[in-house]
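A short write-up of the structure that comes next.
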Number of protein chains: 2
Amino acid sequence: MQEVTLKQIAEILQISVTTVSKALKDYKDVSPKTKAAVRNLAAKLNYKPNPTALSLRNRETKIIGLIIPEVVHHFFASIIHGVVLEAENHGYLVITLISNDSYELEKQQVALLLDKRVDGILVSLAGSTVHTHHISQIIKKEVPLVMFDKISDEIRCSQVIIDDWQAAFEATEKLILSGCRKIIHLKGPDGPKTSLDRFEGYKDALKKHRIPFHPSYVYTSKNVSIEDGYKLTEQALKDHPDIDAVFCITDLVAAGVHKYCKNHQIKMPEQISIIGFSNWLISELMSPSLSTVDQPGYEMGIRAVNLLIQEIGSKKSDEKSTLQKIVLPTKVLMRETTR
Amino acid sequence: MQEVTLKQIAEILQISVTTVSKALKDYKDVSPKTKAAVRNLAAKLNYKPNPTALSLRNRETKIIGLIIPEVVHHFFASIIHGVVLEAENHGYLVITLISNDSYELEKQQVALLLDKRVDGILVSLAGSTVHTHHISQIIKKEVPLVMFDKISDEIRCSQVIIDDWQAAFEATEKLILSGCRKIIHLKGPDGPKTSLDRFEGYKDALKKHRIPFHPSYVYTSKNVSIEDGYKLTEQALKDHPDIDAVFCITDLVAAGVHKYCKNHQIKMPEQISIIGFSNWLISELMSPSLSTVDQPGYEMGIRAVNLLIQEIGSKKSDEKSTLQKIVLPTKVLMRETTR
DNA sequence: AATCATTCCGAAAACGTTTTAGATATGAAT
DNA sequence: ATTCATATCTAAAACGTTTTCGGAATGATT
């Protein structure tokens with residue numbers, strides 16, 4: 001089944017390809033009669049311009065690339081949803097790539113998208129990404145770039161993020177205001193900025209309320225998993241039997257804490273309060289339901305695409321685009337694991 | 001920043017574009033000397049063939065389209081993961097589209113992918129899809145097509161599915177064997193085949209064990225949501241206070257049942273056993289943990305891509321591809337909501 | 001010296017589109 | 001009759017590749 005081309009239409013109508021093209025694009029130097037003839041035939045044959053040919057000529061693919069660290073993940077799945085939907089609304093399609101939190105994969109995938117000549121790229125960094133040279137490549141090639149959530153400050157580009165510091169600060173403060181004093185923090189690996197910012201927020205909340213910060217109250221979850229949460233809770237309770245709260249880098253880790261407490265008859269929130277992060281679906285369904293920080297993934301996706309499309313636009317019209325930084329509000333959801 | 005082209009290399013080396021192309025593709029009618037020169041320069045300039053030009057010439061985009069009904073969903077997120085990964089391994093990129101369970105959107109998206117001239121399409125139908133004319137369009141245009149999970153038997157194409165009947169049969173039988181007799185089924189909407197098959201499996205398990213089937217024991221969840229699960233449980237208990245088990249179309253609905261039971265001090269599994277479907281992350285984390293049917297999304301994605309790429313291959317070499325139907329095994333996971 | 005094979009190269013066509021820069025014809029104004 | 005404006009069309013180039021075909025040069029064989 002051959003696709004219909006301008007050439008075929010031209011042959012049938014015994015006119016030139018040029019005229020056919022112009023007729024369809026409503027050029028004024030085509031007679032109304034030919035225009036009508038061309039359009040009728042085009043409609044009848046269901047002519048659709050070949051996007052590859054258009055790409056070659058216009059030097060644009062109408063495709064944007066999206067690189068995320070994970071996909072089986074409430075937050076990132078929401079991001080995909082927002083991105084794909086909003087891109088579609090603007091006539092763009094989205095190629096999604098999953099770095100699986102691997103620096104090496106992420107590098108390859110950036111190269112893949114660049115080679116594919118996508119019109120713009122959306123990136124959220126892998127947890128293990130330390131160098132950002134591959135990201136600067138995107139900028140160097142003058143491909144529009146927007147980073148979201150897991151960003152790097154070394155890269156000059158528009159960003160869509162939440163204020164991780166603020167969110168962590170508020171979450172920690174809520175714990176303090178509810179009476180907790182010995183608050184453990186299960187932090188993420190040292191690479192990601194989100195992880196560091198949340199850690200800082202935790203420390204600053206303590207400072208504000210004149211609660212001494214103990215480095216020994218902080219544990220690092222390498223895999224950011226349920227298992228990590230479980231094991232670190234065990235360790236933390238061994239080190240400090242009198243702790244009264246845990247603030248976690250993410251709900252998954254918090255779920256591990258939750259599980260440990262349940263298995264060991266530690267009452268939540270009476271003995272230990274827990275706050276997670278991201279508002280995974282699971283957090284609402286656990287019992288007692290997990291307090292957490294709501295992180296608007298869907299909206300983040302939409303905003304990121306809009307920023308990107310804006311940049312693509314200003315690149316086309318040769319304007320200089322102004323770098324923007326959108327900080328989306330978060331909300332601490334106090335559910336049943338906090339007092 | 002201009003991308004490097006064959007022409008540029010040719011000009012620098014003062015040879016023809018043809019020779020450059022041939023040198024890079026190791027044609028034998030290029031002298032070793034020129035070959036070396038071309039290759040060195042190409043490497044130095046980091047030449048990468050323009051994929052759009054290649055697409056135009058080869059009539060292939062190296063892109064496959066994926067249409068799924070939802071994305072913020074453990075099963076479908078796993079599918080994406082499998083699809084994207086396996087496609088990447090075979091040199092294909094994936095454009096993902098989300099129908100949001102809407103027939104209209106799905107139609108548009110099929111047209112979008114067809115217009116974009118993707119090399120193949122992977123579809124899981126929207127819940128509201130009744131007519132499959134848009135899907136037959138794919139076949140009519142001779143674009144390779146593989147359907148997975150939510151398929152339609154009206155379409156002649158390769159398929160990757162689980163045996164929903166079998167899975168539901170086993171799940172129901174496990175309930176029966178554990179002593180349950182008054183088993184409610186919270187089914188999905190009537191459109192999707194998966195939904196109907198699970199219903200049949202439920203009925204046939206009852207029949208095998210000579211338990212009379214009561215239509216009044218079956219409730220339809222329109223939105224397949226937690227809320228539906230909650231409300232339908234309330235209704236079911238009002239209608240039949242003596243029920244001892246619930247088999248649900250999916251874990252989300254089961255989570256609603258779970259919640260209702262918890263709120264009303266109904267003991268699981270002592271008073272009511274529950275089995276869900278799909279093995280969402282939440283099922284493992286609820287307490288008591290939810291028994292469910294494990295549905296291998298990741299593997300399904302991988303298998304579907306492989307089937308598709310196989311078809312793309314046989315289309316290119318003009319062979320007729322044989323339609324395949326892969327039925328992936330499922331496993332009933334008996335956790336804490338069953339005896 | 002003529003023929004042949006071999007080696008190396010490049011022109012041209014093709015993929016499907018858009019746009020620039022003419023070409024041709026008609027009629028009107030000088 | 002010449003010039004000019006207008007209307008309608010098309011050839012050609014361009015985007016970046018690949019491949020077919022033929023040409024030119026070289027050296028070997030008759």
Exercise. Side chain of Ser16(A), base of dA11(D): donor and acceptor closer than 3.5 Å?
Worked result: no
Exercise. Any donor-acceptor pair under 3.5 Å between the side chain of Thr18(B) and the base of dA11(C)?
Worked result: yes
Exercise. Touch check for Thr34(A), heavy atoms < 4.0 angstrom, all strands: base, sugar-phosphate only, or nothing?
Worked result: sugar-phosphate
Exercise. Rounded to the Å, how far apart are Gln14(A) CD and dT10(D) C1'?
Worked result: 14 Å
Exercise. Among Leu114(A), Asn100(A), Ile67(A), Thr96(A), whose side chain to side chain contact (heavy atoms under 4.5 Å, CB included) with Gln109(A) holds?
Worked result: Ile67(A)
For this session: Mind checking Thr5(B) for me? I need base, sugar-phosphate or nothing, with any heavy atom below 4.0 Å counting as a touch.
Result: sugar-phosphate
For this session: Tell me whether the OP1 or OP2 atom of dT8(D) has a side-chain N or O from Ser31(A) closer than 4.0 Å.
Result: no
Exercise. In terms of side-chain heavy atoms, does Glu104(A) have a donor or acceptor partner in Ser102(A) at a distance below 3.5 Å?
Worked result: no
Exercise. Donor-acceptor pair under 3.5 Å: do we get one between Lys22(A)'s side chain and the base of dT8(D)?
Worked result: no
Exercise. Is there a side-chain polar atom (N or O) of Lys7(B) under 4.0 Å from OP1 or OP2 of dC15(D)?
Worked result: yes
Exercise. Would you say dG16(C) has OP1 or OP2 under 4.0 Å from some side-chain N or O of Lys48(A)?
Worked result: no
Problem set entry | Polar contact flag, side-chain donor to acceptor under 3.5 angstrom, Thr19(A)-Ser16(A) | yes
Exercise. Going by atom types alone, do Ser31(B) and Thr34(B) pair a side-chain donor with an acceptor below 3.5 Å?
Worked result: yes
Exercise. For the side chain of Asp29(B) and the base of dC8(C), is some donor closer than 3.5 Å to an acceptor across the two?
Worked result: no
For this session: Can you tell me the distance, in whole Å, between the NZ atom of Lys116(B) and the P atom of dG16(C)?
Result: 16 Å
For this session: Starting from C1' on dT19(D), measure out to CG on Leu24(B) and report it in whole angstrom.
Result: 15 Å
Exercise. Starting at the 5' end of DNA chain C and moving along, which residue's nearest nucleotide shows up first, Val17(A) or Lys28(B)?
Worked result: Lys28(B)
For this session: Please check the phosphate of dA14(D) (OP1 and OP2 only) for any side-chain N or O of Arg59(A) closer than 4.0 Å.
Result: no
Exercise. Nearest nucleotide by nearest heavy atom, which residue falls closer to the 5' end of DNA chain C, Pro32(B) or Arg57(B)?
Worked result: Pro32(B)
Problem set entry | Exercise: do Gln324(A) and Ser158(A) side chains pair donor with acceptor under 3.5 Å | no
Exercise. Of the candidate nucleotides dT18(C), dT17(D), dC9(C), which contains the atom at the shortest distance from the side chain of Thr19(B)?
Worked result: dC9(C)
Problem set entry | Euclidean distance, atom CG of residue Leu13(B) to atom P of dC8(C) [Å, nearest integer] | 16 Å
For this session: Write down the distance between CD (Glu11(A)) and P (dT17(C)), rounded to a whole number of angstrom.
Result: 13 Å
Exercise. Atom NZ of Lys35(B) and atom C1' of dC8(C): how far apart are they, to the nearest Å?
Worked result: 11 Å
Exercise. Between atom CG in Asn50(A) and atom C1' in dT18(C), what is the gap in whole Å?
Worked result: 13 Å
For this session: Establish, with yes or no, whether the OP1 or OP2 oxygen of dT7(C) is under 4.0 angstrom from a side-chain nitrogen or oxygen of Tyr27(B).
Result: no
For this session: Decide whether Thr61(B) and Asp119(B) meet the rule of one side-chain donor and one side-chain acceptor closer than 3.5 Å.
Result: yes
Problem set entry | Integer-rounded Å distance: dT17(D) P and Lys25(B) NZ | 12 Å
